[in-house]
Amino acid sequence: MNHLEQLVSEWYEYRGYFVRRNVQVGPRPKGGYECELDVVAFHPTFHHLVHIEPSMDAHSWAKREERYTKKFEAGRKYIPALFEGLNLPTNIEQIALLGFASNANVKTLAGGRVMTTSELFIEMVAELSSKKVSSAAVPEQYPLLRTIQFACEHRVSAGWCQ
């Protein structure tokens with residue numbers, strides 16, 4: 001699992017989702033699997049099911065379309081069985097989380113929403129910056145999120161902003 005997959009997994013789990021990571025799906029008769037789903041998360045209270053495929057690639061949009069089509073089709077096919085026994089929604093939100101891209105002109109990829117890492121950080125900082133480490137520390141099982149919380153709290157003394 002790369003750092004971006006880890007961060008996304010921590011973020012969704014921290015917010016109350018049941019998270020599955022790096023799930024091999026579609027076993028082949030002679031071994032191996034059809035595909036790996038990076039992060040799949042389900043929130044039982046909000047009845048929200050989301051499939052996130054983070055990537056730090058710098059591929060062309062055409063290459064990304066090809067790659068995400070395979071991932072998102074496999075997600076729609078296999079995700080319902082990943083949370084056996086739970087009442088899942090029929091709609092799966094699918095997100096292509098891209099480290100090296102802009103979604104100014106391209107809003108969707110293979111039927112999923114394009115989200116930039118900047119947008120993810122804005123969302124995380126908006127929630128974590130208001131929580132003091134001394135009284136509302138992110139639990140230690142989320143080391144990447146906890147680091148972001150510490151950075152938010154100490155950003156002024158570190159000289160990152162005024």
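The CD atom of Q94 sits 10.0 Å away from atom CD1 of I52, with the distance rounded to the nearest 0.5 Å. Atom CZ of residue F83 and atom CZ of residue F42 lie 8.0 Å apart, to the nearest 0.5 angstrom. In this structure, CG in L82 is found 6.5 Å from CG in L37, a value given to the nearest 0.5 Å. Taken from CG in N105 to CH2 in W61, the straight-line distance is 9.0 Å, to the nearest 0.5 Å. Atom CG of L120 sits about 7.0 Å away from atom CG of L4, to the nearest 0.5 Å. Put simply, CZ on F72 and CZ on R67 are 9.5 Å apart, with the number rounded to the nearest 0.5 Å.
In this structure, G75 and P80 approach most closely via the heavy-atom pair O-CD, 4.1 Å. Listed here is the closest heavy atom pair of P44 and F18: CG-CE1, 3.5 Å. Scanning all heavy atoms of the two residues, the minimum distance from K107 to N103 falls at NZ-O, 2.9 Å. Contact record, K131 with E127: CE-O, 3.7 Å, taken as the closest heavy-atom pair.
Between K71 and E34 there is no salt bridge, since no side-chain nitrogen of the basic residue lies less than 4.0 Å from a carboxylate oxygen of the acidic one. Under a 4.0 Å N-O distance rule, the pair D57/R64 qualifies as a salt bridge. The existence of a salt bridge linking E53 and K70 is excluded, since no basic side-chain nitrogen approaches an acidic carboxylate oxygen closer than 4.0 Å.
Side-chain atoms of E153 and Q149 include no donor-acceptor pair closer than 3.5 Å. A donor-acceptor pair shorter than 3.5 Å can be found between the side chains of H48 and Y17. No side-chain donor-acceptor contact under 3.5 Å links Q141 and R146.
Under the 4.5 Å side-chain heavy-atom criterion for ILVMFWY residues, a single connected hydrophobic cluster contains both F121 and L144. Placement of Y12 and L97 within a single hydrophobic cluster is found when ILVMFWY residues are connected by side-chain heavy-atom separations under 4.5 Å, directly or transitively. One hydrophobic cluster, built from ILVMFWY side chains closer than 4.5 Å, cannot hold both Y68 and M115; they sit in different ones. Both V25 and L86 belong to a single network of hydrophobic side chains, linked directly or stepwise wherever heavy atoms of I, L, V, M, F, W or Y lie under 4.5 Å apart. Connection of V8 to Y142 is established within a shared hydrophobic cluster, with ILVMFWY side chains joined at heavy-atom distances below 4.5 Å, either directly or through further cluster members.
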### Query
Going through the distances and angles, do R113 and E93 end up as a side-chain contact (heavy atoms from CB on, under 4.5 Å)?
CA-CA 8 Å; R113 176 171 61 98; E93 180 183 9; 3.1 Å; yes
### Task
Determine, step by step, whether I79 and H51 satisfy the side-chain contact (heavy atoms from CB on, under 4.5 Å) criterion, reporting the C-alpha distance in whole Å, the side-chain angles of both residues, the deciding distance to 0.1 Å, and the verdict.
CA-CA 8 Å; I79 285 173; H51 170 201; 3.7 Å; yes
### Task
Step by step, work out the side-chain contact (heavy atoms from CB on, under 4.5 Å) result for N2 and M56.
CA-CA 10 Å; N2 69 40; M56 294 300 291; 5.6 Å; no
### Message
Could you walk me through whether V40 and V19 satisfy the side-chain contact (heavy atoms from CB on, under 4.5 Å) test, starting with their C-alpha distance in whole Å, then the side-chain angles of each, then the deciding distance to 0.1 Å, before giving a yes or no?
### Response
CA-CA 6 Å; V40 181; V19 177; over 6 Å; no
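Between the side chain of T108 and the backbone N or O of G111, no donor-acceptor pair lies under 3.5 Å. Side-chain atoms of E65 come within 3.5 Å of backbone N or O of A110 as a donor-acceptor pair.
Checking V114, T116, T117 one by one against L98, the side-chain contact (heavy atoms from CB on, under 4.5 Å) holds for a single residue, V114. None of E5, E13, E36 except one satisfies the side-chain contact (heavy atoms from CB on, under 4.5 Å) rule with R21; the exception is E13.
Side-chain contact between C35 and E73: absent, with no pair of heavy atoms (C-beta onward) separated by less than 4.5 Å. The shortest side-chain heavy-atom distance between N87 and H47 falls under the 4.5 Å cut-off.
The aromatic rings of Y14 and W11 lie parallel to each other, with less than 30° between the two planes, well short of the 60° mark.
No more than 12 heavy atoms of other residues, nucleotides or ligands sit less than 6.0 Å from atom NZ of K132.
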